[in-house]
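Below you'll find the structure, written out as structure tokens, and then a few comments.
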Amino acid sequence: MATPRAPQTVAAVNGIATDTSFGAVTPPIYLSSNFAFNGLEQPRAHEYTRTSNPGRDLLADTLAQLEGGAGAVVTASGMAAVDLVLAQLASDDLVVAPHDCYGGTYRLLMARRNKGQFRVALVDFGDADALAAALADKPALVLIETPSNPLMRIVDVRAVAARAHAAGARVIVDNTFLSPALQRPILLGADFVIHSTTKYLNGHSDVVGGAVIAADKRDVEALAAWANIVGTSGAPFDAYLTLRGVRTLFPRIERQQASAAAIATRLKGHAGVTAVHYPGLPDHPGHAVAKTQQTGFGAMLSFELRGGVEAARRFVGATGIFILAESLGGVESLVAHPSTMTHASMDAEARHAAGIHDGLLRLSVGLEAEADLLAGVERGLAAAGV
Ligand SMILES: *Cc1c(COP(=O)(O)O)cnc(C)c1O
């Protein structure tokens, strides 16, 4: 019986020093697409890399331990992870998803719905009546994203999971924004956790990847079988890099969220900033719930500049440290302008209804020195002239 280990230890050393061939401390990477049989009808542990691969399986095992699940399937992208779960639905099944869900997830849900592959109800999870009405339709699957993108709205995972289960639904949580270092949705009642490992888990902006972690072993087996059928399994080299990123997940995100909190506090005190969306601020509407289900407030935040798109343009051009780019969760700090970048495909009316105004900027806070980041924010604010 293995000694139980803290998640920090699992992240740092799961699979380390287990190589029986040479005693390699770091687990080797097996790029081989296929594995030789011992003899006729005598397969070894692995046959073909679409089906299984030693390094990718080690990443899956590590993610499953970190999330408290029965197992995991590593996919080629975060979208492939969402799709792997959606592919289990039947044509009359209903999916309930947040009205402000990740843009790629929205596009996927609509694309499959338009082909008649399932039904979709988009709901504001902050509206209890709307959620109750959607659950009354007996959905097969309820998708939760918390904190949401880009307004950092918090959903009470325990409460929604309990109500969804009472209605007969399975619950999937997209845990990309916090990672298992700060939130473990399976322990809050979720059946599935999905990740874009592209973000915090890999953490170095050099891999696109994903994973599904399931609470129940039968779900893990079904999802692994499906990933093999359709061929959405992640590549061995990507799995190697991602596990290398996971080794430092905890110290990275702890340092990043400390800087994010300092930046949120600074922005909050500025007259030209009309709103700061960071769950760590005591007056954030989700602060109390976040404290019950997260062990930290994360390193993502957004804020609203007085002066709209022109002020936003001047801010992003002047920080000297926040790179104007999409994505998040890397060692480098990024700034994004949701209304022209991540949420540009929404029409202006829908965007404004969702609270995404033209002066809104989103920050992904990296590992640079906090003082340098704060100085960059000051330069941005001064240039914005707000
Ligand atoms: C990036 C992201 C995805 C999609 O992941 P890819 O790796 O880009 O396919 C899904 N959900 C959230 C919350 C994301 O940020």
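In each ligand, atom 1 is the first atom listed, and ligand 1 is the first ligand listed. Computed over heavy atoms, backbone and side chain alike; hydrogens, waters and symmetry mates excluded.
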One residue to check: Lys199. Relative to ligand 1, which of side chain, backbone, both or neither has a non-hydrogen atom less than 4.0 Å away? side chain
For Thr197 and Asn202: C-alpha separation, side-chain torsions, deciding distance, then whether side-chain hydrogen bond (donor to acceptor under 3.5 Å, both in side chains) applies. CA-CA 6 Å; Thr197 58; Asn202 177 59; over 6 Å; no
Under 4.0 Å to a heavy atom of Gly209 - the qualifying atoms of ligand 1, by number: 7 (O)
4.0 Å heavy-atom contact, Gly329 with ligand 1: no
Nearest non-hydrogen protein atom to atom 3 (C) of ligand 1, with distance, is Tyr102 CE2, 3.4 Å
Per-atom contacts of ligand 1 with Thr198, taking only distances under 4.0 Å to non-hydrogen atoms: 7 (O)
Indicate yes or no: does an N/O atom of Thr105 lie under 3.5 Å from an N/O atom of ligand 1? no
Do ligand 1 and Gly78 have nitrogen or oxygen atoms that lie under 3.5 Å from each other? yes
Whether His337 side chain and Asp358 backbone form a donor-acceptor pair below 3.5 Å: yes
Can you check whether Val208 has an N/O within less than 3.5 Å of an N/O in ligand 1? no
Carboxylate-amine/guanidinium contact Glu310 Arg313, below 4.0 Å: yes
Test: Glu370 and Arg255 ion pair at under 4.0 Å: yes
Any idea which heavy atoms bring Val157 and Gln293 closest together, and the distance? N-OE1, 2.9 Å
What's the shortest distance from atom 12 (C) of ligand 1 to any protein heavy atom, and which residue and atom give it? Asp174 OD2, 3.4 Å
Go through the steps to decide whether Leu360 and Leu151 satisfy the test side chain to side chain contact (heavy atoms under 4.5 Å, CB included), and finish with yes or no. CA-CA 9 Å; Leu360 187 77; Leu151 293 173; 3.9 Å; yes
Tell me whether the count of non-hydrogen atoms from other residues, nucleotides or ligands lying under 6.0 Å of CD in Gln42 goes above 12. yes
